[in-house]
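Everything on this sheet refers to the single structure shown next.
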Amino acid sequence: MSFNFGPGPGSCPHFSTPVLHAAEQWKSKMESPWREVAWTEDRRETLMESISSYKPVCEALSEARVLLLGPVGAGKSSFISSVQSVFTGRFTNRAMVGSSSASFTKKLLLFNIRGRSPEQPTALVLCDVMGLGDGETTGLTLHDTLAIIKGHAPEGHKVREGERTQVPPLCVRKNFSPEQPVRSETVGYVKKPSLKDKVHCVVFVVDASKVSSYTKGLGTTFQQLREHISDLGVHQVALLTHVDQVCQETARDITQVYNSRIVQQTMTNAGALLGMSTSYIVPVKNYSSELDVDENTDILLLSAVDHILQYVDLHFQDCAATYPKLSL
């Protein structure tokens with residue numbers, strides 16, 4: 001079953017992001033930032049140390065599993081590679097990134113972010129998967145998404161693309177043939193996932209430069225997904241990628257991201273698209289053509305990871321309240 005939701009109550013409007021001419025760009029800069037960030041080497045080091053030494057508050061777990069969800073080209077794989085690049089000190093294309101309009105990622109892939117030393121990985125695992133569709137015939141299905149979050153889908157399995165053919169609501173299939181859906185009896189299906197198999201936080205990824213062109217169908221997909229994920233008790237946050245592509249001042253100097261009215265308005269529009277308060281959304285600039293990393297870009301990326309880990313720990317705290325035997 002695909003995200004074939006028609007327009008109706010809850011469908012999002014067509015959002016627009018203001019595009020200003022060069023002569024008006026200076027007006028978009030605010031006198032004081034709408035979020036405070038310390039753009040210093042000390043802040044970068046503090047974030048790196050905090051993430052490198054992070055341990056889940058739940059003592060029963062050795063790692064936190066975070067799932068990235070978003071449309072094709074939003075920057076999910078690039079974010080994974082960019083975060084890893086911060087720790088390696090130069091751009092590392094660890095998660096393969098495509099350049100076509102089709103989803104390059106076909107399988108459920110897990111990336112354990114390596115810390116300052118390759119032999120000492122962090123406790124953060126970022127999960128990459130096929131891009132979401134817009135309610136038509138392509139993209140990750142609702143049932144596959146929920147199966148991944150619940151911990152039923154093993155790493156390396158190809159997830160099912162959406163199609164109009166009605167098929168049983170089961171988690172994954174090893175190929176894209178609608179005639180051969182993988183059932184719960186299929187080898188590899190995790191029938192009784194433990195907490196470590198499940199996703200502990202979901203991160204929605206949207207492209208700032210495309211917020212104005214995302215379809216109503218995609219907005220409905222986001223909001224339907226968020227309702228189902230909320231029912232599972234999993235916290236959700238969002239990344240606004242490519243912020244340097246919507247504001248010239250931010251493109252020249254990434255430290256101006258929180259002084260930009262354009263970025264602020266784009267974030268508001270992204271929040272409306274997702275049905276999410278902007279307090280859950282953080283802007284990032286992924287590395288793409290760079291060979292070396294930049295201190296300020298690192299700070300923005302590390303701040304995003306720190307933001308995500310806060311909600312991971314909230315999930316573990318919620319689990320402890322639900323399951324008293326779970327040790328924190």
Side-chain angles (χ1 to χ4, degrees), residues 1-5 10 12 65-77 79-80 95 102-111 125-176 178 181-184 186 188-191 193 197-206 214-215 217-239 273-276 280 308 311-312 315:
M1 180 176 179
S2 67
F3 285 107
N4 192 14
F5 306 112
C12 70
R65 188 168 291 191
V66 174
L67 176 64
L68 304 181
L69 292 177
V72 175
K76 301 182 298 298
S77 300
F79 177 73
I80 294 172
S103 185
F104 188 83
T105 303
K106 302 295 184 183
K107 300 179 180 181
L108 172 61
L109 302 174
L110 309 184
F111 295 90
V125 175
L126 297 179
C127 307
D128 197 10
V129 75
M130 176 185 291
L132 296 174
D134 62 357
E136 297 299 327
T137 60
T138 60
L140 187 66
T141 65
L142 171 62
H143 293 296
D144 285 348
T145 304
L146 298 181
I148 292 169
I149 295 170
K150 292 177 182 178
H152 293 301
E155 180 181 7
H157 271 241
K158 287 187 176 181
V159 292
R160 175 159 44 90
E161 287 188 283
E163 66 279 327
R164 294 189 184 279
T165 305
Q166 295 297 310
V167 295
L170 299 169
C171 82
V172 293
R173 63 178 56 157
K174 292 185 179 180
N175 54 52
F176 297 107
V182 173
R183 301 181 182 278
S184 57
T186 301
Y189 183 89
V190 183
K191 294 182 180 181
D197 299 313
K198 299 179 181 181
V199 166
H200 309 128
C201 181
V202 171
V203 179
F204 289 99
V205 183
V206 293
Y214 283 144
T215 65
L218 182 60
T220 303
T221 295
F222 277 133
Q223 296 187 30
Q224 291 278 353
L225 259 176
R226 293 201 63 238
E227 290 177 8
H228 285 281
I229 296 171
S230 294
D231 288 342
L232 296 178
V234 178
H235 290 278
Q236 304 149 58
V237 297
L239 302 177
L273 174 74
L274 293 164
M276 177 183 288
Y280 296 103
I308 292 167
Y311 286 92
V312 168
H315 177 66

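- Taking 4.5 Å as the limit, every side-chain heavy atom of L109 sits out of range of all side-chain heavy atoms of C127.
- Put simply, the side chain of R65 never gets that close to the backbone of L126: no donor and acceptor are under 3.5 Å apart.
- The distance from the CG atom of L273 to the OG1 atom of T221 is 10.0 Å, given to the nearest 0.5 Å.
- Expressed to the nearest 0.5 Å, how far CD1 of I229 lies from OG1 of T145 amounts to 7.0 Å.
- For the pair V190 and G151, the tightest heavy-atom approach, listed with the atom from each and the gap, is CB-O, 3.4 Å.
- Annotation: side chain of L68 is not in contact with side chain of F111 (no heavy-atom distance under 4.5 Å).
- Taking the side chain as every heavy atom from C-beta outward, T215 and L218 approach each other to under 4.5 Å.
- Aromatic rings from Y311 and Y280 are positioned such that their centres are separated by under 6.0 Å.
- Taking CD1 of I308 as the reference point, atom SG of C201 lies at 6.5 Å (rounded to 0.5 Å).
- Between L142 and H228, the closest side-chain pair of non-hydrogen atoms falls below 4.5 Å.
- With sequence neighbours left out, the side chain to side chain contact (heavy atoms under 4.5 Å, CB included) criterion links A74 to P71, V205, Y214.
- The backbone N or O of G233 lies less than 3.5 Å from a partner atom in the side chain of H315, making a donor-acceptor pair.
- Shown here for K150 and L232, the closest heavy-atom pair between the two residues is CE-CD2, 3.7 Å.
- Nearest heavy atom pair, residue K76 against residue G131, reads NZ-CA, 3.9 Å.
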**Request:** Carefully, step by step, assess L69 and V203 under the rule side-chain contact (heavy atoms from CB on, under 4.5 Å).
**Result:** CA-CA 6 Å; L69 292 177; V203 179; over 6 Å; no
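- In this structure, the side chain of H200 engages the main chain of K198 through a donor-acceptor pair within 3.5 Å.
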**Request:** Starting from the C-alpha separation in whole Å, work towards a yes-or-no answer on side-chain contact (heavy atoms from CB on, under 4.5 Å) for R226 and F204.
**Result:** CA-CA 9 Å; R226 293 201 63 238; F204 289 99; 3.6 Å; yes
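- Taking 4.5 Å as the limit, some side-chain heavy atom of V206 sits within range of a side-chain heavy atom of L274.
- For the atom pair CG of L108 and CG of L67, the computed distance is 7.5 Å after rounding to the nearest 0.5 Å.
- F79 pairs by the ring pair (Phe, Tyr, Trp, His ring centres under 6.0 Å) definition with nothing, not counting sequence neighbours.
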